[in-house]
Structures are given as structure tokens and as C-alpha cells.
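Predicted, not measured: the structure shown is a model, and the values here were computed from it. In each ligand, atom 1 is the first atom listed, and ligand 1 is the first ligand listed.
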Amino acid sequence: MKYIGKEMSRVDGVAKVTGRAKYAAEFKVNNPAYAFIVQSTIASGTIKSIDVSEAEKLTGVLKVLTHRNALKVEEESRQFRALQSDKILFCGQPVALVVADSFEQARYGANLVKVEYEAETPSTDFAKADKVTSRGPAPRGNPQEAFENSAVKVEAEYSIPIEHHSPMEPHAATAFWEGEKLTIFDKSQGVFGVRGHLARSFGIPAENINVISLFVGGAFGSSLNTNYYPFLTALAAKEVGRPVKLNYTRRQMFTGHGYRPYTMQKVSVGAGLDGKLVSIIHEATTNSSTYEDFTESTSRFGRTLYECPNYDSPYFLVKTDLPTPTWMRAPGAVSGAFAIESAIDELAYELKIDPVELRLINYAEKDPESGRPFSSKALKECFKVGADRFGWAKRKFAPRSMKDGNWLVGWGTAVGTWGAFQAPANAKIRLNADGTVYVGSGTTDIGPGTYTVITIIAAEALGTDPSKIKFELGDTRLPQAPSQGGSITTASVGSAVFGAAGEVRRQLLGYVSGKEGTPLFGAKFEDTELVDGTLRLKGDVAKAMSISEVMKAGGVQLVEVGYESKPSAERQKYTTMAHGAQFVEVKVDENLGIIKVTRVVEATACGRIINPKTSHSQEMGGIVWGIGMALQEATEVDHRYGKMMTTNLADYHVPVNADVHYVETDFVEEKDEIVNELGIKGMGELCLVGIPAAIANAVFHATGRRVRDLPITPDKIL
Ligand code: MOS
């Protein structure tokens with residue numbers, strides 16, 4: 001391979017650091033107006049009266065929209081849409097939208113809107129709320145009985161607070177209408193989802209709407225579902241007959257989209273004295289809103305983790321007067337892994353077996369849930385590479401047995417897994433006679449480096465230098481492709497581009513394979529390749545023609561193809577997953593309660609690595625995220641008011657440079673011919689999954705204290 005597997009800097013890197021890359025709020029439009037959201041101050045109840053007269057009188061204010069004058073959406077949907085009724089469903093709900101000539105006028109006008117409420121007592125206290133729904137697959141074996149009869153048992157409860165994505169770029173949109181046609185620049189992970197949502201909201205055909213999302217300054221799931229503001233922005237633009245920009249404040253970022261739900265988990269693990277798992281019962285409860293049921297696979301992912309004959313994973317929801325949660329990086333998996341991988345560590349200490357050894361004793365060689373083989377699973381190699389690089393063999397088993405001056409030293413481990421998913425995706429390629437290439441696919445790039453890896457795949461498959469390739473995404477005028485979420489993009493869109501490149505080669509070959517006297521006369525498609533601007537025979541590279549010669553022979557100036565890739569039928573016979581092993585060192589000052597994550601070594605096996613540079617960046621990002629989740633992040637809710645309190649980046653802590661020390665990410669590459677032709681799995685969520693558990697386990701090893709309630713803040717150590 002000439003380009004795949006080689007380090008490449010981001011093709012959009014210079015545009016991003018010089019400000020040429022335009023984000024949703026930055027597009028220049030003619031004579032824009034600005035919209036500012038007025039939010040409810042209660043969490044539950046009804047709007048009794050709303051007085052907009054003062055706001056309307058303010059200089060520069062063009063329009064004030066409330067539930068009384070805003071367009072009513074006809075679509076039957078449980079999804080929240082703003083300004084549709086006088087009912088208040090959560091604190092921070094939009095109750096009015098002020099549109100003005102400037103952002104400052106709109107914001108000041110928002111302060112002048114007076115709302116009176118009929119308030120009800122909100123219910124947001126998860127621990128006190130009733131569990132309303134339960135679901136989950138049927139148990140495997142007989143978990144309860146097997147647990148009761150187990151020689152060694154661990155039973156524990158783990159909790160995770162609400163967390164918010166807090167990307168650098170606040171959510172924003174710029175919208176304008178040209179007659180019946182709507183154009184909207186949105187911070188989005190999926191432009192087609194936004195288009196469908198707006199088409200249903202306005203009752204207009206999707207073809208009348210174009211959604212553009214060229215650059216996204218982080219989203220992590222917060223822009224997977226269409227949020228309520230694109231509708232508000234488009235509605236405001238329609239009402240004032242001008243382009244409108246809407247931009248969340250940082251505070252609005254804590255109520256304007258979903259969040260990782262509050263998660264309570266009970267884990268019961270039973271094992272034999274030999275360490276073999278006998279039974280796992282993993283119960284999860286998460287919160288949702290009163291109007292939607294948002295669920296994650298918190299307790300389900302563990303079912304494929306270990307060889308364990310008896311398994312149950314019940315799942316419950318509690319209804320709260322809060323906005324609906326949503327997917328947040330490694331949704332369900334990272335929360336579930338915190339519980340399961342902590343419990344396995346607790347079991348290791350009950351059994352006095354090294355935590356890595358215990359995981360190897362229970363290693364699942366095939367999927368214990370379905371009995372199917374894994375398409376590939378290099379987790380054992382990850383343990384080996386990670387443990388070697390970390391120096392795990394030097395670990396002393398007993399808690400509190402390792403010290404560095406005043407600091408207690410702890411070493412912890414955990415496993416992470418994530419599905420290797422693929423979704424149908426479309427791409428188009430135009431190859432010009434001069435060797436330049438245009439590639440288009442309507443996915444998005446929220447930061448992992450999709451612009452770059454797709455360019456690499458196209459370069460490889462077309463035998464073209466990456467500098468000659470222009471790849472466009474994030475526009476509903478491009479071929480339909482999935483949202484960027486679930487770590488599916490490279491496997492899905494990469495496969496579509498790879499397939500399209502194959503079609504380009506097929507067409508080129510068609511111009512010459514029937515022509516006697518050409519070097520490629522009679523050549524079969526599967527025996528050919530495109531390399532360095534030539535079409536040639538694989539085993540006999542002297543039999544080659546330049547692309548321009550081939551096109552001349554065909555009497556064409558360019559070749560243009562569209563292609564749809566789909567997950568193969570073969571995949572169904574396998575379980576397709578990515579795996580990783582994490583090794584963490586913490587140092588704890590018991591007197592101050594300070595925890596430093598001084599070293600992290602993570603080895604992941606996620607198929608073929610297309611671009612090691614951006615891939616390592618992904619994995620490092622996951623580790624940093626895991627440090628935040630383990631030690632810092634929490635959205636506190638004041639249950640008296642049903643209000644999220646830590647709604648800024650001073651009170652909602654995320655790791656800063658001083659919190660991050662040695663971080664090493666290693667890949668154990670897998671040659672997986674089942675997942676897709678290129679052997680690509682996802683990695684963006686995988687890298688986070690085991691980290692919070694590994695940190696919690698390291699804290700236990702350092703201190704002898706098992707903290708089962710995230711984040712592990714100093715007060716829980718003192
Ligand atoms: Mo990710 S939570 O699928 O954006």
C-alpha cells in the first residue's frame with residue numbers, strides 16, 4: 001500500500017488553523033439578523049402569560065416568536081420542538097425567540113420578555129423516581145440461580161452523573177430562504193437527518209432544503225439527533241424575510257441538546273475458585289425525559305465480553321423533568337464498562353488473581369452470546385503489547401503496596417470494546433484526464449479526520465497522489481451517506497469510495513480491454529490496478545497505459561461514477577467488534593485527595609489503520625476524555641428546581657493540559673477480511689470505553705478504597 005497506513009497530516013489542517021474553514025455561524029450571508037433564545041426558569045408547569053411588548057419596542061428587534069405566534073409543526077412526533085405549546089417540560093426550555101439586527105440587541109431583547117408560570121414541583125431526583133419501563137434481551141442460561149450457587153460473589157452498585165459533551169464550538173445555524181427553498185448551515189453530524197427533520201417541520205419536500213455542515217468543532221453525539229434550534233433558525237428567517245443566525249451561548253449548551261444520562265448500575269458477578277465466571281447480572285437504570293424514552297445498551301455490551309454461561313442484563317428507565325438525554329461518545333459502552341470492569345477488578349481481589357490473568361481466564365474466543373466467531377479479535381495481543389509497554393509484570397498485587405514519596409501509586413487495567421459497524425453509503429468520483437480527482441459523499445467530519453482518511457483511500461484505490469484529490473462532504477446535494485456517529489464513517493464511506501474507485505477502473509478498462517494492440521487487450525478487471533496515474537496489469541506492470549491514454553482510447557475527457565456500498569452478507573455469520581486493553585497509573589496524595597493520572601498505555605485492535613497520525617489522535621482524545629469522566633465531569637442538578645447548575649466550563653470540569661501526563665496509544669493491527677474489503681473497524685469510541693474503569697481500578701490499587709460513584713473527586717478519597 002502506498003498511502004494507506006502511512007502518516008498524513010490533515011488535508012483541512014491549514015484551513016482550520018488559519019480560519020479559512022467556515023463553521024455554521026461563520027458563513028457570510030447578506031444582511032443577517034440574529035436570533036436569541038429565551039429559556040424557561042421552571043422545569044415543569046405551564047406558561048400563564050408571556051409579555052413581549054417591551055422586547056418588541058426595543059431598537060433593532062424585528063420579531064419576537066412565542067408559542068402563540070410560531071408555526072405549529074404538524075408531524076406527530078415525541079421529539080421536542082420549540083414554541084409549540086404552553087407546557088414546560090424542562091428547565092431551560094425555549095419559551096420565546098427574539099430576532100434583531102444584531103446579536104446584542106436580540107440578547108438584550110430576550111431579557112425584556114416577561115413570562116409568568118403556573119409551576120409544578122419537578123421530579124428530577126433519579127434515586128427517588130420510579131422505574132417505569134424495563135427491557136433487555138432474554139437472559140442467557142439461569143443467571144440468578146447460578147449466581148446464588150457461585151463459590152465467589154461480588155455485588156456492587158455504581159453510579160455515573162449526567163455529563164455534557166461540551167465541544168469547543170457551540171451549536172449554531174445560519175439559515176436563509178429563496179422563495180420556497182431553504183438553505184441552512186448547521187453544526188451537524190448528519191445533514192440528511194436535519195433535512196428530513198426540517199422537511200417534516202415545515203411540511204415541505206426534502207428536495208427544497210439544503211443542509212450544509214462542512215466543519216464541526218466537536219460534537220461527540222450532541223449533534224446526532226437534530227436539535228430544536230435549526231427549526232427555530234429557519235422559522236425566524238422565514239418570519240423576518242432575511243438570513244438569520246442563531247448561536248448557543250455556553251450556558252445554553254447544557255440544555256439545548258442531550259447529555260449522557262444519569263446511570264445507576266447493579267452488578268452481581270459469580271465465579272468459581274478457579275476464577276471462571278459463572279454468572280453475571282448487570283442491571284442498568286438511566287434517566288430520560290417525560291416525553292421521550294432514550295435508552296442505551298449500557299448493560300448489553302457486556303454480554304459479548306467474557307465467556308460466561310449465565311448472563312442477564314435488565315434495563316430500566318426513570319422519567320424525569322429534564323431534557324431527553326442523547327448519545328455521548330461511546331454511549332452505553334463506557335458507562336457499562338465502568339460497572340462491569342470495576343466488578344471484574346473487585347472479583348480479582350476476592351480471588352487474589354491478577355486482574356489481567358482473570359480476564360484471560362475468561363477470554364471469549366467466540367461470541368458467547370450468539371456462538372458466532374469473531375471476524376477478528378486481537379485482544380490477547382492488546383493485553384500483551386499493553387502490559388509489556390506499561391511494565392505490568394512489576395506490579396505488586398496488594399493495594400497500598402506501591403509508593404513514590406508521599407504519593408500512593410496504583411496500577412489498574414480494564415477492557416474496552418465497541419462494535420465494528422458498517423452502514424450503507426454512497427459516493428461519487430470524477431476522474432479527469434489530467435489525473436485530478438473529485439470525490440463527494442454527504443457524510444460529515446466532526447473532527448476525527450474524515451476529510452483526510454477518505455482522501456487517502458481514494459488516492460490508494462485510484463493510484464493518484466493525494467494532493468490531486470478534492471474530497472467534499474457535509475452537503476445534502478452530495479450522495480447520501482450516514483451521519484458521523486457510532487464510529488462507522490471510515491468503514492462505511494471508505495467502502496463506498498473504494499467501491500466507486502473500482503467502478504472507475506472498470507470503466508477505464510472497458511475502453512481498452514477490447515482494443516487489439518493495446519497493452520491491456522483482454523485484461524480481466526480483477527487482474528488490473530491503478531497505480532501512479534496508470535492502469536496496469538498486477539503481475540506484469542510493463543503492461544500499463546497512462547490514464548490519459550486510456551481516456552483518449554475511449555474518446556472521453558473524464559470518468560464519473562456513483563456507487564453505493566453495503567455491509568456484506570458474509571458479515572452476518574460473524575460478530576464484528578473492536579477491542580482494546582488499557583493500563584493506567586495513578587498517583588494519589590491521601591492528605592489532599594489529589595489524583596494524578598501519570599501514565600496511560602492503551603493498546604487497541606481495530607482492524608486496519610488508514611492514517612496512523614489521525615488515528616493516534618483519536619485514541620489519545622479518548623483517553624483524555626476518560627480522565628475527565630473518571631475524575632472530573634458532572635452536571636449537578638438542583639432537584640428543588642429541576643435545574644442543571646454547572647452550566648459553564650468553570651463549574652463543569654474537563655481535563656486541561658495539567659491533568660494529562662504520559663499517554664501512549666498502540667495499535668495491534670488486524671487483517672480482517674470479513675468486516676469490509678479494506679478491513680476497517682471504528683476506533684473513536686473504542687478508545688474511551690475502558691478508561692474510566694481502569695482509572696477507578698488504579699485508584700483502588702493505590703488507596704485500597706473502591707469508589708463506585710463517578711467522578712472520583714478529592715472528597716471521596718479523603
Ligand atoms: Mo458518537 S456518541 O456516535 O457521535
Would you mind writing out a table of all protein N or O atoms found under 3.5 Å from any N or O atom of ligand 1, naming both atoms and giving the distance to 0.1 Å?
| residue | atom | partner | partner atom | Å |
| --- | --- | --- | --- | --- |
| ligand 1 | 3 (O) | G486 | N | 2.5 |
| ligand 1 | 3 (O) | E685 | OE2 | 3.0 |
| ligand 1 | 4 (O) | Q189 | NE2 | 2.8 |
| ligand 1 | 4 (O) | G221 | N | 2.9 |

Does K131 make a cation-pi contact with F316, if we ask for NZ or CZ under 6.0 Å from the ring centre and within 45° of the axis?
yes
Smallest heavy-atom separation, G622 atom then L688 atom, equals O-CD1, 3.6 Å
Using a distance-only test with no angle check, is there a side-chain donor-acceptor pair under 3.5 angstrom linking S375 and D672?
yes
Would Y652 and E633 count as having a side-chain donor-acceptor pair, cut-off 3.5 Å?
yes
For residues T298 and Q265, is any side-chain donor paired with an opposing acceptor at under 3.5 Å?
no
Give the intermediate values and the outcome of salt bridge (charged side-chain N to carboxylate O under 4.0 Å, His left out) for residues E292 and R78.
CA-CA 6 Å; E292 278 179 296; R78 292 175 68 190; over 6 Å; no
